[in-house]
Amino acid sequence: MSEMNQANHLSDEVMINIIGMHKWYGAFHVLKDINLTVHRGERIVVCGPSGSGKSTMIRCINHLEVHQQGKIIVEGTELNEDIKNIEQIRREVGMVFQHFNLFPHLTVLDNCTLAPIWVNKKPRKEAEEIAMAYLERVQIANQAKKFPGQLSGGQQQRVAIARSLCMSPKIMLFDEPTSALDPEMIKEVLDVMIGLAEEGMTMVCVTHEMGFARKVADRVIFMDAGQIVEQNAPHEFFENPMHERTKLFLSQILDH
Amino acid sequence: MSEMNQANHLSDEVMINIIGMHKWYGAFHVLKDINLTVHRGERIVVCGPSGSGKSTMIRCINHLEVHQQGKIIVEGTELNEDIKNIEQIRREVGMVFQHFNLFPHLTVLDNCTLAPIWVNKKPRKEAEEIAMAYLERVQIANQAKKFPGQLSGGQQQRVAIARSLCMSPKIMLFDEPTSALDPEMIKEVLDVMIGLAEEGMTMVCVTHEMGFARKVADRVIFMDAGQIVEQNAPHEFFENPMHERTKLFLSQILDH
Amino acid sequence: MASDLAPSKPPWHKNPAIRALCFQAVLLLLVGSFLYFIFNNTVTNLENRGITTSFAFLDREAGFGIIQSLIDYSPTSTYGDTFIVGLLNTILVSVIGIILATILGLVIGLARLSRNWLIAKLAGLYIETFRNIPLLLQVFFWYFAVLQALPSPRQTYSLGEWFFLNIRGIYFPKPVPGETFWLVGLTLIVAIIAVIFMARWAHQRQEQTGKQFHTVYVSLGLVLGAPLLMFLILGAPLSWELPALKGFNFQGGVSVIPELSALVIALTIYTASSIAEIVRSGILSVSHGQTEAASSLGLKSSHTMRLVVLPQAMRVVIPPLTSQYLNLTKNSSLAAAIGYPDLVTVFAGTTLNQTGQAVVIIGMTMMVYLSLSLFISLLMNWYNHKVALVER
Amino acid sequence: MAETFEKHPDLPPPASEVGVVGWLRKNLFSSPFNSVLTILALYGLYLTIPPMVNWLFIDAAWRGTDRAVCDGEGIGACWVFVSARFNQFIYGTYPEMEQWRVNLGAGIFVFLLLLLSLPKVPGKLWIAALTLFVYPFVAFALFHGGVMGLKEVETTLWGGLMLTLILSTVGIVAALPLGILLALGRRSNMPITRAICVVFIELWRGVPLITVLFMASVMLPLFLPAGVEFDKLLRALLGIALFQAAYVAEVVRGGLQAIPKGQFEAAAALGLNYGKTMVLIILPQALKLVIPGLVVTFIELFKDTTLVAIIGLFDLLGIVQSALTDPNWLGFALEGFIFAGLLYWVFCFGMSRYSLYLEKRFETGHKR
Amino acid sequence: GTTFDAVKKKGFLQCGVSTGLPGFSNQDDKGNWKGIDVDVCRAVAAAMFGDASKVKYTPLNAKERFTALQSGEVDLLSRNTTWTLTRDTSLGINFAGVNYYDGQGFMVKKSLGVKSAKELDGATICIQAGTTTELNLADYFRAQGMKFNPLSLDTSDATAKAFDAGRCDVLTSDQSQLYALRIQLSKPESAVVLPEVISKEPLGPAVRQGDDEWFNLVKWSLFTMLEAEDLGISSKNVDQLKRSSKNPSHMRVLGVTPGMGEKLGVPDDFGYNIVKQVGNYAEIFDKNVGEGSPLKISRGLNALWKDGGIQYAPPVR
Ligand SMILES: Nc1ncnc2c1ncn2[C@@H]1O[C@H](COP(=O)(O)OP(=O)(O)OP(=O)(O)O)[C@@H](O)[C@H]1O
Ligand SMILES: Nc1ncnc2c1ncn2[C@@H]1O[C@H](COP(=O)(O)OP(=O)(O)OP(=O)(O)O)[C@@H](O)[C@H]1O
Ligand SMILES: [Mg+2]
Ligand SMILES: [Mg+2]
């Protein structure tokens with residue numbers, strides 16, 4: 001479990017530490033005793049069948065969902081009800097959603113400068129420069145003046161990534177960033193994510209793109225029924241799955 | 001025109017006879033001089049490019065559209081403005097629509113028993129027995145108490161077929177019954193239709209499922225610009241199309 | 001689970017739950033003290049001005065007349081009675097208005113959808129005209145038009161010796177039941193019970209044998225015919241009190257005052273224009289495919305309407321329709337403008353003025369309207385819940 | 001074996017399908033029942049339209065200064081009555097010398113609205129803020145006077161169409177912020193806040209406006225400490241604004257509900273707090289969605305302002321009514337009501353068309 | 001008292017008047033308020049501020065008037081309001097005198113041929129809602145054992161309109177109003193006022209209870225006009241009398257002899273200001289409702305005590 005395929009870029013510093021975390025929706029026990037440590041620069045892919053709690057888990061990391069037991073420590077700060085802590089952590093953690101969730105009433109550029117200006121209190125000019133740099137980075141700078149509704153899905157998702165990057169997050173969370181996209185567009189987005197990974201960004205990514213997992217993940221985590229069933233380096237994970245459940249899942253996923 | 005691939009099930013009785021039929025939408029001449037004879041037990045597939053008038057033609061057969069010239073005779077009764085004739089014919093002709101058109105406020109079972117009770121004046125009990133038999137037939141009897149909104153598209157289309165069958169129609173018309181369905185569901189519905197064909201139902205089916213046409217059709221009719229361009233037995237039709245227009249169409253259809 | 005693994009609690013002033021609680025407490029305090037401030041001012045003001053506020057006045061003699069009352073009312077009745085009279089009159093216009101507006105709205109709404117171009121356009125014209133003119137103006141207009149158009153009692157329009165129409169109102173004969181008339185009533189009740197049983201029997205027969213039965217005609221025959229037969233057998237034990245011109249006015253019979261007519265006409269015409277739009281959108285909301293599917297199954301168009309279109313249209317129609325009913329009821333308070341003795345005119349008007357009990361009277365009036373609207377919204381929620389489409 | 005195929009030319013449809021005959025057959029005489037309806041309707045029109053046109057236009061008295069021109073047999077509508085009173089119908093008893101102030105104020109308002117509704121004008125937000133927050137004070141100073149050397153014109157002199165417009169615009173503008181707050185409160189997850197907002201909204205929506213106005217006009221002073229008093233117009237406005245706020249709140253709530261949850265989540269994930277999320281992300285979208293709904297409530301309010309006539313304010317309807325009691329012009333109520341009705345109709349119809357137009361425009365919105 | 005001080009402080013008087021009753025209070029085509037009730041307001045303003053124009057008017061309908069006074073919306077209610085025991089005691093108001101003695105009467109169309117109110121059994125009667133007339137009417141018909149249909153309308157001109165249209169046979173109101181309303185009919189000659197007077201209707205200004213100072217001022221402003229008529233002081237001769245009259249009564253009323261104003265808390269020349277700017281009672285009566293007006297009502301009960309009427313002012317001394 002400790003073998004990582006490209007371990008050279010990893011540092012010892014712990015970025016995310018989840019200890020014995022449980023979560024319920026009403027009476028439904030959706031996450032059960034989750035324990036997870038993510039180091040600086042580590043790239044983690046989370047997979048598992050639908051409804052297994054993958055989204056819920058990563059949404060707990062920036063407190064979009066509230067957990068009821070256990071601890072989540074992000075960059076040394078514990079997530080609790082203290083609203084200041086949470087705002088602090090959300091500034092450090094970028095999140096990209098399946099459905100992009102761009103703000104349709106703002107231009108691409110305004111989408112990207114909104115948080116730097118209002119949360120980080122940057123002057124507009126500086127914020128715009130940074131934003132343009134990141135838009136350049138995701139190769140979409142020429143669309144800066146357009147509205148999200150005028151872009152294709154892949155372009156929208158890239159804007160969403162740029163928007164997160166504008167806050168200079170230390171960790172990026174991705175929740176199935178490509179699953180709402182048409183096949184041609186998936187590649188656009190994956191390329192951007194691979195680029196990010198190469199630059200050493202700490203990433204936690206829920207995805208079923210096994211190609212991506214194989215290529216960039218330091219560790220693949222398999223979840224089922226609210227629990228982490230197995231975690232391992234990608235080649236180990238794909239070639240020697242330990243659990244029956246994992247094998248079944250992989251057989252379905254890799255078949256098509 | 002007399003070679004049919006599985007001609008053994010055909011009888012000489014003419015079920016549908018369309019003679020020199022024209023139809024206009026306002027000034028737009030949508031059907032031009034349609035002549036078509038369908039015998040008992042015959043299975044006819046209608047294909048052709050979009051807008052060529054396929055739907056319009058089969059909708060004329062049960063007078064959902066009114067034609068302006070020529071004759072349509074169904075089971076010996078001519079379609080004219082006499083409302084009694086039309087109701088009579090509609091009882092004998094079942095129709096399945098692209099978008100199912102189930103009644104959302106009624107359960108699956110009630111959808112199926114509505115017409116037998118109110119049109120054929122059957123006692124409810126008997127109507128329900130028949131309905132259950134047909135629901136069984138399309139393998140959906142266990143969903144009888146659900147509402148259409150709770151079913152998947154394929155299930156809904158099968159209910160729609162069962163609903164038509166409950167009137168014990170002598171002829172079934174299908175207007176692209178599978179084109180609103182996801183790929184996995186198409187098979188469910190086609191299987192039911194093949195079953196019907198095997199039982200000797202007279203069928204006129206607008207569809208682009210060429211596999212289905214090859215397998216069950218007695219005759220394939222190709223329409224373009226409001227006219228019947230070519231009609232032939234399936235193997236002839238697919239292997240030796242006569243007209244340029246047909247060849248072009250087939251090359252597009254079979255390519256993918 | 002070890003308790004040290006519970007998420008740690010932040011200090012209380014950083015806890016959003018506690019903050020929310022504090023915010024709400026402050027809000028409650030503000031609202032509460034605002035209400036108290038008002039209450040206090042009112043009490044001191046009333047005291048300073050020597051007004052005593054209580055319900056005692058409701059038992060005192062009113063001393064003024066009211067032109068139309070559904071209960072026995074005379075100037076010797078109490079102020080409490082004026083409340084009842086006003087309330088009943090409000091209910092009367094509302095109920096008549098609701099019935100007529102529904103019928104007219106339905107007709108106009110269907111006309112709007114008519115395949116007849118002229119009819120559809122005329123219905124559209126009706127809707128756009130009456131929807132865009134203030135109701136109060138229409139009330140005045142109709143009152144004025146009604147008054148202008150009608151002759152004085154001496155030049156009255158009449159239909160034989162039975163019906164009269166003049167500026168004082170419409171007059172009908174009033175039935176005066178004879179001694180044995182109760183038997184006719186009894187027959188009617190028996191007939192209704194019989195119809196209920198028959199309907200059940202017909203339904204069951206249809207369930208079992210599929211045979212349909214002309215329930216509507218037979219019931220009509222039964223309900224109308226049986227009492228009529230009884231009536232004739234008993235030798236017509238009913239006399240009519242005919243209205244007749246005595247002195248200044250027609251006396252006797254049943255009369256409808258022009259204020260009521262004008263108000264009902266205005267409310268009906270105004271509300272019908274909204275109802276027509278609701279009906280139209282309701283019917284249009286049922287997709288064309290539904291009608292096609294129904295007719296391709298061989299259903300008659302009347303059956304298609306009854307079994308397929310209406311049940312689905314109702315879902316869309318009922319909620320806005322109910323709020324139109326509510327609006328009509330609230331709008332009936334415009335009666336004050338033309339002197340129809342509804343709750344606002346009689347109770348919140350004359351009675352308030354004679355007694356000076358503004359707080360109590362306005363409070364009671366508002367409570368009446370409020371309870372009505374709460375009642376109707378509860379009903380509506382219940383209905384919505386009942387007919388909600390089941391989806392995946 | 002297939003038969004020979006030749007392409008048919010498009011034929012013209014049978015005469016019964018197109019042209020005047022086709023149109024008539026299809027639209028007026030498609031069935032016996034429809035034919036009867038058509039004939040009945042035509043007969044009804046024949047009975048009503050010619051006399052109405054005669055009375056309204058042909059036989060009407062258009063010119064003159066006193067009622068003499070209207071008295072006599074066969075004379076239709078007396079529009080002279082309306083033209084004699086026209087100034088009063090528009091401005092009430094606002095002094096004639098000062099009416100330019102009203103015109104100026106209205107002109108500025110129309111100009112601002114034009115700026116707001118033309119698509120290409122930059123800085124919409126600022127113009128909107130100007131219209132909502134600065135303009136009302138300017139307008140009040142202009143109309144009321146007593147500052148900058150303008151002669152004071154008391155609100156009791158305001159009337160006519162001017163008052164109607166003031167009541168309805170101020171009503172909606174004042175109701176907007178309160179309505180938004182109430183809507184936010186009703187959507188909040190704090191139970192007490194929610195309860196207070198629900199009670200407020202349902203209370204106001206449950207009672208007729210006329211009782212609200214009555215309360216505002218006679219009972220409000222009873223609620224205030226002795227000595228505190230304010231203008232009757234202001235009190236009517238307060239009643240209208242509170243009443244309207246409840247309706248606005250419900251419309252805005254509809255808009256808030258239509259904003260997908262993802263927008264809240266994305267804002268939270270970027271570290272925006274509740275206030276910023278609302279102001280920067282949610283409200284701009286929600287308000288845009290509800291503009292057509294707001295226009296509709298505005299039309300309702302515009303019509304409902306006539307009720308102030310019952311509490312003795314001389315709005316358009318009130319002033320027409322009071323003109324009818326002029327001993328010199330008795331008997332022209334119909335003309336007065338038709339004139340007022342027409343004015344109201346033009347405004348309401350215009351606005352309802354505008355809201356339809358908006359609905360269409362926002363349907364495409366920013367989508368591709 | 002609070003009202004007195006408040007009025008003094010704001011520098012004008014808020015006066016509740018009728019929304020439009022010719023002779024009593026109505027707006028002329030320039031928007032100025034005119035009428036005998038209006039002149040009471042003006043007299044009070046003249047007394048207090050030495051300027052009769054320092055009045056703002058609030059038009060009130062019958063239903064609103066007491067609430068408006070109670071709530072402090074107006075300082076003085078001068079709106080043909082009948083002084084009754086109930087109103088004086090239970091509404092928290094005080095009547096400050098009577099500026100017009102009136103009585104309720106009936107008006108009918110001549111064509112009905114009715115000569116007396118006793119013939120009105122079963123008639124439909126138009127009446128203004130919320131007035132004492134409404135109560136008197138019911139009393140009268142009860143006492144006579146007759147029936148009637150009351151059509152209660154909001155404003156007096158609504159009653160006139162309904163009567164004119166023939167909606168009712170009879171219009172009942174205070175006699176003074178009947179004359180005023182008669183000239184609003186399309187054919188005034190077609191209506192007659194019946195001889196019966198069925199009630200006493202002393203109309204007068206009213207103030208809120210609890211401010212005696214204010215009550216006094218209103219009361220004595222009214223009396224001063226009566227006293228001026230009694231003493232022969234009118235707006236025409238007031239300047240001359242002020243300069244030269246040696247009659248001690250004149251000198252007291254016109255403030256030549258100091259002391260009277262002080263007792264009321266106003267300048268000593270308040271009497272002079274009232275007469276000069278508003279007139280004496282005979283003048284305002286004549287101008288608004290009497291021979292000098294279209295109403296042409298005779299003085300009758302409203303003549304001074306000396307002339308066979310019952311208008312009588314206590315001496316200003
Ligand atoms: N707000 C909620 N209330 C109640 N149950 C919820 C809620 N959100 C999610 N769930 C349930 O929690 C479980 C886990 O949901 P989650 O979205 O985390 O699954 P997932 O692994 O991301 O699945 P998918 O691959 O479909 O996105 C599911 O069974 C889901 O139905
Ligand atoms: N109600 C109508 N009014 C006017 N034109 C119509 C109407 N319905 C269909 N059409 C036109 O008639 C032509 C034939 O339509 P039809 O629906 O029969 O085509 P189709 O062959 O079924 O095409 P598709 O494969 O797209 O279903 C089309 O050009 C269509 O635009
Ligand atoms: Mg998920
Ligand atoms: Mg088609």
Side-chain angles (χ1 to χ4, degrees), chain C residues 20-21 23-25 27-28 31 37-42 44-46 48-49 111 114-120 122 128-129 131-138 140-141 144-145 148 326 329-334 336-337 344 348-349 352 358-359 362 365-374 377, chain D residues 23 26-31 33-35 37-38 41-42 44-45 185 189-193 196 202-203 205-212 214-215 218-219 221-226 299 302-307 309-310 317 320-321 333-334 337-338 340-342 344-349 351-352:
Chain C
L21 223 60
F23 173 78
Q24 297 189 77
L27 190 71
L28 200 62
V31 172
F37 170 75
I38 297 231
F39 175 77
N40 208 18
N41 283 331
T42 313
T44 21
N45 284 339
L46 288 176
N48 285 346
R49 290 156 198 178
S114 165
R115 303 228 320 263
N116 187 317
W117 180 87
L118 186 64
I119 298 291
L122 285 176
E128 287 303 348
T129 308
R131 218 168 43 150
N132 285 323
I133 295 178
L135 177 59
L136 185 61
L137 187 61
Q138 296 191 38
F140 282 136
F141 179 86
F144 175 77
Q148 282 272 298
L326 200 58
T329 310
K330 285 195 283 174
N331 284 335
S332 72
S333 60
L334 296 191
V344 170
L352 166 60
V359 177
I362 293 288
T365 309
M366 287 192 157
M367 279 318 288
V368 166
Y369 287 106
L370 212 58
S371 338
L372 264 176
S373 69
L374 285 184
S377 13
Chain D
W23 188 88
K26 202 160 148 216
N27 290 310
L28 295 179
F29 301 100
S30 59
S31 68
F33 177 66
N34 263 336
S35 311
L37 275 186
T38 303
L42 284 177
L45 288 178
N189 46 20
M190 294 182 270
I192 299 176
T193 313
I196 289 174
E202 294 305 327
L203 214 64
R205 275 158 39 96
V207 297
L209 179 57
I210 170 169
T211 59
V212 172
F214 191 73
M215 209 158 86
V218 299
M219 285 177 64
L222 215 56
F223 296 154
L224 299 174
I299 296 173
F302 185 80
K303 286 189 289 179
D304 279 351
T305 52
T306 47
L307 299 194
I310 293 180
L317 183 58
V320 167
Q321 267 207 298
L334 204 53
F337 288 147
I338 289 177
L342 192 71
Y344 279 111
W345 188 86
V346 166
F347 273 90
C348 294
F349 186 73
M351 285 187 287
S352 73

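Excluded from the calculations below are hydrogen atoms, water molecules and symmetry mates; all remaining heavy atoms, backbone and side chain alike, are included. Values in this document were obtained by computation on a predicted structure and should not be read as measured data.
Chain D forms the most heavy-atom pairs under 4.5 Å with one residue out of C:Lys330, C:Arg131, C:Met367, and that residue is C:Lys330. When the candidates C:Ile133, C:Asn132, C:Ile119 are compared by the number of heavy-atom contacts under 4.5 Å with chain D, C:Asn132 comes out ahead. With respect to chain D, the highest number of heavy-atom pairs below 4.5 Å among C:Leu21, C:Leu27, C:Asn40, C:Val368 belongs to C:Leu27. Your options are C:Leu28, C:Ile38, C:Val31, and the one with the most heavy-atom pairs under 4.5 Å with chain D is C:Ile38. Per-residue heavy-atom pair counts under 4.5 Å with chain D were compared for C:Leu334, C:Leu374, C:Leu372, and the maximum is reached by C:Leu334. Counting heavy-atom pairs under 4.5 Å between each of D:Ile196, D:Ile338, D:Leu317 and chain C puts D:Leu317 at the top. The candidate with the highest count of non-hydrogen atom pairs below 4.5 Å against chain C, out of D:Ala309, D:Pro208, D:Ser35, D:Cys348, is D:Pro208.
A distance of 5.0 Å separates CZ of D:Phe223 from OG1 of C:Thr42, quoted to the nearest 0.5 Å. One distance of note links CE of C:Met366 with CZ of D:Phe214; it measures 10.0 Å at 0.5 Å rounding. Atom CG of D:Leu209 sits about 9.5 Å away from atom CG of C:Asn331, to the nearest 0.5 Å. To the nearest 0.5 Å, atom CD of residue C:Glu128 and atom OG of residue D:Ser352 are 5.5 Å apart. If you take CG on D:Asp304 and CG on C:Leu136, they are separated by 9.5 Å, rounding to the nearest 0.5 Å. Atom OG1 of C:Thr365 sits about 11.0 Å away from atom CD1 of D:Ile210, to the nearest 0.5 Å.
Using a 4.5 Å heavy-atom threshold, the side chains of C:Asn116 and D:Phe29 count as separate. Residues D:Thr211 and C:Val344 are in side-chain contact: their nearest non-hydrogen atoms beyond the backbone lie under 4.5 Å apart. Side chains of D:Thr306 and C:Leu135 form no contact here, defined as non-hydrogen atoms less than 4.5 Å apart.
For D:Met215, the part lying near chain C is the side chain, with the backbone staying farther off; criterion is any non-hydrogen pair under 4.5 Å. Contacts of C:Phe39 with chain D are absent, with no heavy-atom separation under 4.5 Å from either backbone or side chain. Heavy-atom distances place the backbone of C:Ala348, and not its side chain, under 4.5 Å from chain D. At a 4.5 Å heavy-atom cutoff, D:Leu342 makes no contact with chain C through either its backbone or its side chain. Proximity to chain D is absent for every atom of C:Ser332, based on heavy atoms less than 4.5 angstrom apart.
Judged as a salt bridge (charged side-chain N to carboxylate O under 4.0 Å, His left out), and not counting sequence neighbours, the contacts of D:Lys303 are D:Glu300. Listed by chain and residue number, C:Leu118, D:Ala41, D:Leu45 satisfy the side-chain contact (heavy atoms from CB on, under 4.5 Å) test with C:Leu122 (two or more places apart in sequence, or in another chain).
The two atoms that bring D:Gly341 and C:Leu137 nearest to each other are CA-CD2, 3.2 Å, heavy atoms only. When all heavy atoms of C:Tyr369 and D:Val207 are compared, the pair lying nearest together is CB-CA, 4.3 Å.
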